[in-house]
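In what follows, a structure is listed as structure tokens, so that the remarks can point back to it.
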Amino acid sequence: MATESEELESLVNRRYEHGFVTDIEMDTLPPGLNEDVIRAISARKNEPEFMLEWRLKAYRMWLQMREPEWAHVHYPPIDFDAISYFAAPKSDADRPKSLDEVDPKLLETYDKLGIPLHERARLAGVAVDAVFDSVSVATTFKEKLSEAGVIFCSFSEAVENHPELVRKYLGSVVPQRDNYYAALNSAVFSDGSFVYVPKGVRCPMELSTYFRINSANTGQFERTLIIADEGSYVSYLEGCTAPMRDENQLHAAVVELVALKDAEIKYSTVQNWYPGDEEGKGGIYNFVTKRGDCRGANSKISWTQVETGSAITWKYPSCILRGDNSVGEFYSVAVANNFQQADTGTKMIHIGKNTSSTIVSKGISAGKAQNAYRGLVKVMPQADGARNHTQCDSLLIGKECGAHTFPYMEIKNQGAKVEHEATTSKISADQLFYCRQRGLSEEDAVNMIVNGFCKEVFNELPMEFAVEAQALLNVSLEGAVG
Amino acid sequence: MLDIKNLSASVGGAEILHDLSLSVGTGEVHAIMGPNGSGKSTLAQVIAGRDDYEVTGGSVTLDGEDLLDLDPEERAREGVFLGFQYPVEIPGVNNAYLLKAAVNAQRAHRGLDEIDAFEFLKLAKEKMALLGMDQKFLNRGVNEGFSGGEKKRNEILQMAMLEPRLAILDETDSGLDIDALKAVAHGVNALRSPERSIVLVTHYQRLLDYIQPDHVHVLSGGKIVRSGDKTLATELEERGYDWLKEAANG
């Protein structure tokens, strides 16, 4: 085990070397939401007129909508007028002065994940005035990308420098009226990431939010738009294994992916927002809309996610398989421990001919947590030769947790081949005893069994991410048994 | 070596082992035979530390050290190995991973460094050759989709890698055809050594045609009712267990 953790530590260290640059020239709008607030947000970001109109349209739609209640999650009503929709980073006076003031449990976790000391302070929200040297790395990185013609920048920069691309693709996958939180996000989103990979270009490196400059605090309403032009390929990594403290309880992001003819997008997420304490207090509500559009023939979009954080997760990364022969994939590990609630899954919409989709979902519940898989496979009448395979496995640890599976299928083409397999299992006393009899501690045995359970999904993650995800899982399930 | 004195154990309030005593010397091979339900598997599991069983009296020591005080993994690291009657499947975890984790857990306990990947592979290949096993075994999920014979052979491979001081093989012969039985017996014989004690738990005499025990014990109604040399096994084969049960009750 030691070599593995050393390896991990070096990976984590390497990644965190890159650091962040934060823009602190912002001020804060008073809480509450109305058209003036939206105008103010747009004005402060110097947005062109079309963006303001787009936001206002979304806001007016949002006003007509109701908060969804169908998910298998429970939480007190959110007061949307208590949220400040344009917030400057916390002033130093409000932050913990040093790591001594931070929850020791959080620090313990950083220790186990091998997070370097200076990074711990930033993650825990401690006021630090040192700016880490990220410039050289970032420059090399940017040079390489621009040589290839890849655009990778913050959403605000994209609005400023590539308005024609933003205008063409923004909302083309997740329209403003799509759902309550998507509408809210469309009205007030603060920032996010933008990627454009030109025709025939294979992006020379994996793009990670870690490298994104000047957009570290994108806050609660993040917007991501990725466009892979014909014949291009890009792999995008989102998230962070270290548990991040955040003052905002509600997070409602929107991610849109567009794959044109023969293009492929691989989108990997490790989500580890603060899940709340052992009683479930103070965790993040993560209500995300993620959708990919396989717009061209032979295109492919693959979602891989490892979800261990947040008090409540409500998330269904989906694929619209519009192009003929297009391929959609969804690989997911969702872990819920203590009082966490997760309602996650995917939607695969088959429109083009000979489209195929694969869904592999692994849900792990421990403590008093509730974990739900919710998936839709929809085959439209014109989608001749459509195929889907869904595999949905749940693992229960302990007696007070729950796993729920809600598979929906709407098949309107007689020739479609749709398969669904579902299993629910427990870590058995026999498995544990077997491993312990071979000399493994109970904790190592649980970790090994859980990692085995998740293997098919971890295999889909980029190497570095996979190692981190494995360690993260171990930490997330600590104390789940015994 | 292994000393069991006046051991009593129960499960769910029902006493399975009554006042059982048994001594196994270093380097010896003992066979424990008996009818179904006599407590053979319970004895094996109690020695290994399964917590479903409650020890209500007596002691179990290994080279003078009290085993009953230790967790199952501590007993394993002290050199107690149990070959399971029904080895469990652990989907997605490959055999090599479990083997390496097990070897390293024991090495750590002995204050040794972790085995490196090359050394591990070399050792595993050596042991597999000894047992006539295909190397593909290493990359398969632990017992996942294994045949009965493969599962039992895998147990012997684990034993060969871990080199225990005391190996208890619980019904290792059950469910095996004659070829698999011979292969498993060959493996066990190869691991006989003056430093290692082996306890074979079996219902049938058949296994003992291939592994010659130094001592044979008959367990009935939760205690040892008769001990002898290997001729006792032959006698049991001819006469069955009933005469001993009567003797024990009478």
Side-chain angles (χ1 to χ4, degrees), chain A residues 1-7 331 333 360-364 391-397 421-461 466-467 469-470 473-474 481-482, chain B residues 44-45 47-53 70-95 97-110 113-117 141-144 151 154-155 157-159 161-162 164 167-168 170:
Chain A
M1 292 282 174
T3 26
E4 205 166 280
S5 68
E6 276 164 27
E7 201 178 315
Y331 297 95
V333 168
V360 178
S361 161
K362 304 278 183 178
I364 300 158
Q391 187 192 328
C392 194
D393 300 323
S394 306
L395 186 68
L396 303 176
I397 304 174
E421 284 175 45
T423 65
T424 300
S425 53
K426 287 188 172 186
I427 291 189
S428 71
D430 285 343
Q431 285 174 323
L432 280 180
F433 182 61
Y434 189 79
C435 296
R436 294 176 77 187
Q437 211 301 307
R438 297 300 180 249
L440 275 67
S441 69
E442 190 166 23
E443 204 169 297
D444 286 345
V446 169
N447 289 342
M448 189 178 76
I449 294 165
V450 169
N451 277 309
F453 175 76
C454 300
K455 194 175 181 184
E456 279 168 278
V457 175
F458 286 167
N459 283 347
E460 294 298 322
L461 286 170
V467 177
Q470 212 165 62
L473 215 63
N474 298 351
V481 173
Chain B
Q45 303 257 336
I47 296 171
R50 178 97 196 210
D51 58 10
D52 298 6
Y53 300 95
L70 303 178
D71 284 336
E73 58 268 38
E74 292 167 332
R75 298 184 200 195
R77 293 169 196 164
E78 284 296 329
V80 176
F81 178 89
L82 173 63
F84 285 77
Q85 182 176 4
Y86 304 109
V88 289
E89 296 192 4
I90 310 177
V93 174
N94 76 32
N95 244 334
Y97 188 91
L98 173 64
L99 267 180
K100 199 169 164 214
V103 168
N104 281 331
Q106 306 214 356
R107 289 178 67 100
H109 181 68
R110 289 171 204 152
D113 287 342
E114 292 200 352
I115 190 165
D116 73 53
V142 175
N143 295 317
E144 209 180 344
K151 283 184 182 174
N154 198 31
E155 295 293 291
L157 172 65
Q158 293 180 2
M159 170 179 158
M161 291 293 289
L162 294 172
I168 305 155
D170 189 7

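Chain A is the first sequence line, chain B the second, and so forth, proteins listed ahead of strands; every chain is numbered from 1.
Closest heavy-atom contact between I90(B) and M448(A): CD1-CE, 4.4 Å. Across all non-hydrogen atoms, the minimal contact from R77(B) to S441(A) is NH2-N, 3.5 Å. When all heavy atoms of E73(B) and E442(A) are compared, the pair lying nearest together is OE2-N, 3.8 Å. Across all non-hydrogen atoms, the minimal contact from G439(A) to A76(B) is N-CB, 3.5 Å.
For a residue to count as touching a neighbouring chain, one of its non-hydrogen atoms must lie under 4.5 Å from one of that chain's; by this rule P164(B) does not touch chain A. Interface remark: N143(B) contributes side-chain atoms only to the contact with chain A (heavy atom separation under 4.5 Å). Neither the backbone nor the side chain of E74(B) comes within contact range of chain A; no heavy atoms are under 4.5 Å apart. Neither the backbone nor the side chain of A445(A) comes within contact range of chain B; no heavy atom of the residue lies under 4.5 Å from a heavy atom of that chain. Contacts between F81(B) and chain A at a heavy-atom distance below 4.5 Å involve backbone atoms as well as side-chain atoms. With a 4.5 Å cut-off on non-hydrogen atoms, D430(A) touches chain B through its backbone and its side chain both. Proximity to chain A is absent for every atom of V103(B), based on heavy atoms less than 4.5 angstrom apart. The contact between R50(B) and chain A is made by backbone and side chain atoms together, counting heavy-atom distances below 4.5 Å. Heavy-atom distances place the side chain of L162(B), and not its backbone, under 4.5 Å from chain A.
The number of heavy atoms from other shown groups lying within 6.0 Å of CG (D113(B)) does not exceed 12.
Between F433(A) and F84(B), the angle of the ring planes goes over 60°, which puts this pair in the perpendicular group of the 30/60° scheme.
A heavy-atom distance below 4.5 Å is found between the side chains of V142(B) and Y434(A).
At least one donor-acceptor pair closer than 3.5 Å links the side chain of Q431(A) to the backbone N or O of E89(B). In this structure, the side chain of Q437(A) engages the main chain of V80(B) through a donor-acceptor pair within 3.5 Å.
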